[in-house]
Amino acid sequence: MAGRLSTLEESFKAFAKFGDSRSDGTTITLTQSDKWMKQATVIDGKKITTTDTGIAFNKFRSKTIPYTDFVKFVEDLATTKKVDPQSLKDKLVNCGMPGTNMATQAVKTGAVDRLTDTSKYTGSHKQRFDEEGKGRGIAGREDIKDDSGYVQGYKEKDTYDAKRKK
C-alpha cells in the first residue's frame, strides 16, 4: 500500500503538512482540506463546493483546526449536505498521498490549449520562448543593446580578424 494511507488520522497528518514546510501535521487549514477533498472527489462543484466547506470550516472560528475538530467538520459538512459521513471519510482515506492525482494541473483543452501553445505566437511574443516552449526571461522581454558595431543582418560577424590574418 505505497500510495495509500490506512487511517483518516494518517491522511490528516499527511495533508496537514502538504504545501506548508513549517507545519508539524497537528492542524490543517481550509486550503489544505479543500485540496484534500478535491483530490478525494468530495468537492465536485455540484453537491459539495468550496463555499460549503468554507462555511462549515468557519464555524470553528480559527484559521487551523486539529484532527478532532476536523472529524467534526467532516461530519457537519456531511449532515448539512445530506451525505453519509462515513462515505466522506472513506473517500478521504482512499484518495492516496497528497498530490498523487494532480488535481491542480492546468487544463489542456479547447481555447486554453491554443492560447498556451507557444508555436502559434507571432511577432515580439514569439521571442519570449525557446524551441521547447520555455520562457527566455529578460532576454525575451527586452531588446538587449548590441554594441559590437555590426548591423543586424550581417552574416559574418566576428570574422574580420580571421580573414585579415590569412
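Counting begins at 1 with the first residue of the sequence. Here the structure is a predicted model, which means the values were calculated and not measured.
Taking the side chain as every heavy atom from C-beta outward, M37 and T53 approach each other to under 4.5 Å. Counting only heavy atoms from C-beta outward, the side chains of L92 and W36 approach each other to under 4.5 Å. Residues K38 and T50 have side chains in contact (heavy-atom distance under 4.5 Å, counting atoms from C-beta outward).
The distance from atom CZ of F18 to atom CD of Q32, rounded to the nearest 0.5 Å, is 9.0 Å. Between the OG atom of S33 and the CD1 atom of I65 there is a distance of 6.5 Å, given to the nearest 0.5 Å. Distance check, rounded to the nearest 0.5 Å: OG of S11 to CZ of F70 gives 9.0 Å. Taking CG of D44 as the start and NZ of K47 as the end, the distance is 9.0 Å to the nearest 0.5 Å. Once rounded to the nearest 0.5 Å, the distance linking CD of Q86 with NZ of K91 reads 13.0 Å.
Applying the side-chain hydrogen bond (donor to acceptor under 3.5 Å, both in side chains) criterion to E9, with sequence neighbours excluded, gives no partner residue. The salt bridge (Lys or Arg N to Asp or Glu O under 4.0 Å) check on K63 picks up nothing, with sequence neighbours excluded. Residues that satisfy the side-chain hydrogen bond (donor to acceptor under 3.5 Å, both in side chains) test with K81, not counting sequence neighbours, are D52. Every residue meeting the side chain to side chain contact (heavy atoms under 4.5 Å, CB included) condition with T68, not counting sequence neighbours, appears here in chain and number order: P66.
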Scan the side chains in residues 72-80 for donor-acceptor partners under 3.5 Å anywhere in the protein, sequence neighbours excluded, and list what turns up.
unit_1: E75; atom_1: OE2; unit_2: K89; atom_2: NZ; d: 2.8
unit_1: D76; atom_1: OD2; unit_2: K59; atom_2: NZ; d: 3.0
unit_1: T79; atom_1: OG1; unit_2: E75; atom_2: O; d: 3.1
unit_1: T79; atom_1: OG1; unit_2: D76; atom_2: O; d: 2.9
unit_1: T80; atom_1: OG1; unit_2: D76; atom_2: O; d: 2.7

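Across G25 and A16, no two heavy atoms sit closer than the pair CA-CB, 3.7 Å. The minimum heavy-atom distance linking S62 with F57 is given by the pair O-CE2, 3.5 Å. Heavy-atom minimum distance, F12 versus I28: CE1-CG2, 3.3 Å.
Applying the salt bridge (Lys or Arg N to Asp or Glu O under 4.0 Å) test to every pair with at least one member in residues 12-28, sequence neighbours left out, gives these pairs: D20-R22.
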